[in-house]
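This report concerns only the one structure given below.
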2 protein chains.
Amino acid sequence: MTVTHSATEAGETPSLTPLIDMLSADMAGVNATIIDRMASEVPLIPQLAGHLIASGGKRMRPMMTVAGAMLGSDDAGKRAPAVKLATAVEFIHSATLLHDDVIDESKLRRGQDTANALWGNDASVLVGDFLFARAFELMVEAGDITVLGRLAAAAARITEGEIKQMAITGQPDTPVEDYFDVIGGKTAVLFSASAAAGIEITGAPAERVEAMRVYGMELGMAFQIMDDALDYTASAEQMGKNAGDDFADQKITLPTILAWQDGDAEERAFWQRTLGEADFAEGDLERAQALLTAHDAVNRSVTVAHEHAVKAGAALAPFIGDERTAPLARALADAALFAAHRAS
Amino acid sequence: MTVTHSATEAGETPSLTPLIDMLSADMAGVNATIIDRMASEVPLIPQLAGHLIASGGKRMRPMMTVAGAMLGSDDAGKRAPAVKLATAVEFIHSATLLHDDVIDESKLRRGQDTANALWGNDASVLVGDFLFARAFELMVEAGDITVLGRLAAAAARITEGEIKQMAITGQPDTPVEDYFDVIGGKTAVLFSASAAAGIEITGAPAERVEAMRVYGMELGMAFQIMDDALDYTASAEQMGKNAGDDFADQKITLPTILAWQDGDAEERAFWQRTLGEADFAEGDLERAQALLTAHDAVNRSVTVAHEHAVKAGAALAPFIGDERTAPLARALADAALFAAHRAS
């Protein structure tokens with residue numbers, strides 16, 4: 001099946017801008033709801049949550065929900081509950097970020113001090129719990145228990161993915177399938193459920209809900225693989241986090257798995273000492289980067305991400321074939337290619 | 001309004017046993033569901049969750065749900081979804097315990113090593129998140145979005161209560177109203193929502209749902225006040241946790257508030273140095289206990305707990321006045337008195 005991407009057609013660099021423009025009216029509602037619903041009589045909650053949420057992620061997950069709803073219906077009334085779902089999705093994501101920063105003992109995220117660095121781990125754990133609970137309140141208000149079940153299942157799978165990630169941490173010989181399983185759970189499932197929930201709540205047919213589920217899943221895979229690849233190439237300024245964080249945290253990601261698989265005994269001993277045993281010395285990050293370059297591991301990871309982005313676009317075929325939904329579907333396909341294009 | 005308690009009628013020590021006996025059949029279903037639904041392909045989840053859940057709390061919260069359902073209906077079919085809700089309630093409670101132990105850096109709970117002491121903070125944060133998400137999956141299966149909303153709101157209020165508790169930590173001059181606000185959120189709201197959810201899902205009339213909501217709220221207040229009072233009197237063996245934990249954690253509880261209010265300048269300086277500034281010296285816990293005794297602060301706290309227990313029983317009047325529900329209602333009233341009787 002051939003899918004037409006507007007960017008690839010024109011041979012241009014894919015961009016997120018068309019999608020952002022098409023979603024801007026509904027996303028304004030989401031942003032207002034985010035501010036409104038992080039309110040609490042307990043001042044620390046809006047302070048801490050606001051620090052994280054205002055620090056400016058791209059809001060990719062709520063954009064998935066809003067886009068799904070627009071593909072599902074032109075009727076703003078039918079799309080209204082999707083604004084609450086989109087807010088819920090951002091709160092779930094924010095809760096996992098707060099807890100991740102506690103777990104990783106991160107001090108920097110998106111170029112700013114992390115909440116745990118500023119307010120302590122205790123506050124980050126509890127405000128994460130609050131956002132998680134508030135997310136479910138919002139889903140209840142959206143009023144569709146099937147959609148709620150989809151997002152609740154996603155939330156459970158996120159934590160399973162994170163726990164699996166803990167299990168492979170420090171295991172440089174991790175099979176690539178285990179890595180895909182981890183990022184499928186910890187990242188792609190929420191993209192997927194976000195996209196599917198948005199269209200499902202408008203009452204769209206099951207095959208269109210499924211198309212958005214697959215789109216979100218493939219986009220999420222592309223997104224996380226790119227994130228992991230960039231960790232070894234970008235500067236702290238570009239990434240908004242500390243470069244080489246994953247290395248220091250003994251995280252096993254696609255580039256390190258590829259370099260391990262292709263490495264000789266001496267190289268594997270290096271990965272085992274560093275990623276395996278956290279026995280780090282001056283210059284180890286540079287050595288790791290040199291080995292990744294020698295095995296073309298970052299570029300090969302970007303290629304895998306790109307393949308997922310193409311699959312994401314292909315999943316949108318039912319919407320590309322429908323005049324009403326084609327422009328937005330093309331923008332979504334471009335957004336997927338954009339996600340896999342950042343460093344290539 | 002006069003309420004008849006079977007224990008007080010007979011002038012006996014109140015007991016939990018009649019309630020446990022009456023609920024045993026339905027609680028067997030809850031226990032089986034707990035085991036079944038903490039399963040995961042990720043081995044750490046059942047290991048860690050099982051360690052906590054098998055370590056034998058009294059399952060007071062799921063008992064509230066099951067009791068509510070029995071008050072609502074004699075029809076086992078109508079009560080079936082309450083088993084899922086009861087399991088969800090226990091999972092929410094377990095998630096908060098896992099996160100609390102991380103926050104308090106506790107090493108001992110119910111006489112056993114805490115999960116964070118055995119598996120680390122990372123695992124406790126994530127498995128707590130998993131249990132929380134799984135709880136919502138169970139509520140979705142129970143199928144009533146109104147009940148789900150009640151429990152989601154309770155979950156948000158629990159974390160607000162915990163965050164407020166952080167805010168008063170180390171403030172020995174905390175007003176007693178702030179303490180009641182904290183324990184209302186962190187403890188009583190879940191008892192309350194558990195009890196109300198159980199009867200609500202059977203389709204019982206609103207005033208009976210409200211009666212159980214009030215019962216659970218008052219019981220929860222009694223329960224937490226007793227827990228706080230016993231922290232200064234019981235041995236580690238009796239409590240299953242470290243005696244004086246609250247003191248070392250600078251927690252402000254009803255006994256310390258009463259002792260502060262009645263203390264002279266020298267005594268307040270002691271509370272300020274210890275609870276306020278965490279500047280602890282040998283013999284400080286003994287001094288704190290002596291001051292509490294001098295001001296009768298533990299006994300007065302137990303009296304406050306007892307007043308809440310009496311109010312809990314009084315809330316059950318609609319069930320006491322109904323022949324079908326009277327025996328169980330009396331057992332619930334006894335359970336409330338039992339909760340406020342442990343140390344008196």
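Chain naming here is simple, since letters A, B, ... match the order of the sequence lines and numbering starts at 1 in each.
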Report which part of A/Leu148 has an atom under 4.5 Å of a heavy atom belonging to chain B: side chain, backbone, both, or neither.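 Backbone plus side chain of A/Leu148, per the 4.5 Å heavy-atom cut-off to chain B.
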
Where does A/Asn121 contact chain B at under 4.5 Å (heavy atoms): side chain, backbone, both or neither?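 Neither part.
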
Go through A/Gly120, A/Gly128, A/Ala95, A/Ala123 and name the one with the most non-hydrogen pairs under 4.5 angstrom from chain B.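 Maximum pair count with chain B is reached by A/Ala123.
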
Minimum heavy-atom separation for A/Phe247 and A/Phe280, please, with both atom names.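 Here A/Phe247 and A/Phe280 meet closest at O-CZ, 3.4 Å.
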
Tell me the closest heavy-atom pair linking B/Leu131 and B/Phe91, and the distance in Å.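 Taking B/Leu131 first and B/Phe91 second, the nearest heavy atoms are O-CB, 3.6 Å.
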
Hey, what do you get for NE2 (A/His93) to CG (A/Leu98), rounding to the nearest 0.5 Å?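 The distance works out to 10.0 Å.
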
Out of [options], return the one with the most heavy atom pairs under 4.5 angstrom to chain A.
options	value
B/Glu162, B/Arg157, B/His99	B/His99
B/Ile145, B/Thr146, B/Val42	B/Ile145
B/Ala135, B/Pro43, B/Ala155, B/Ala153	B/Ala153

With a 4.5 angstrom heavy-atom cut-off, could you sort out which part of B/Leu44 is near chain A: side chain, backbone, both or neither?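 Contact with chain A involves the side chain of B/Leu44 alone.
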
Quick check on B/Ile45 against chain A: is it the side chain, the backbone, both or neither that has a heavy atom closer than 4.5 Å?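 The answer is the side chain of B/Ile45.
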
Is B/Arg37 atom CZ crowded by more than 12 heavy atoms from other residues, nucleotides or ligands, each under 6.0 Å away?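 Yes, because the 6.0 Å sphere around CZ of B/Arg37 holds more than 12 heavy atoms from other groups.
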
Looking only at side chains, do B/Ser40 and A/Glu160 share a donor and an acceptor under 3.5 Å apart?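 Yes.
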
Taking A/Tyr179 as the fixed residue, which of A/Leu254, A/Thr256, A/Ile252 is the one that meets the side-chain contact (heavy atoms from CB on, under 4.5 Å) rule?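 Of all the options given, the one that passes is A/Leu254.
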
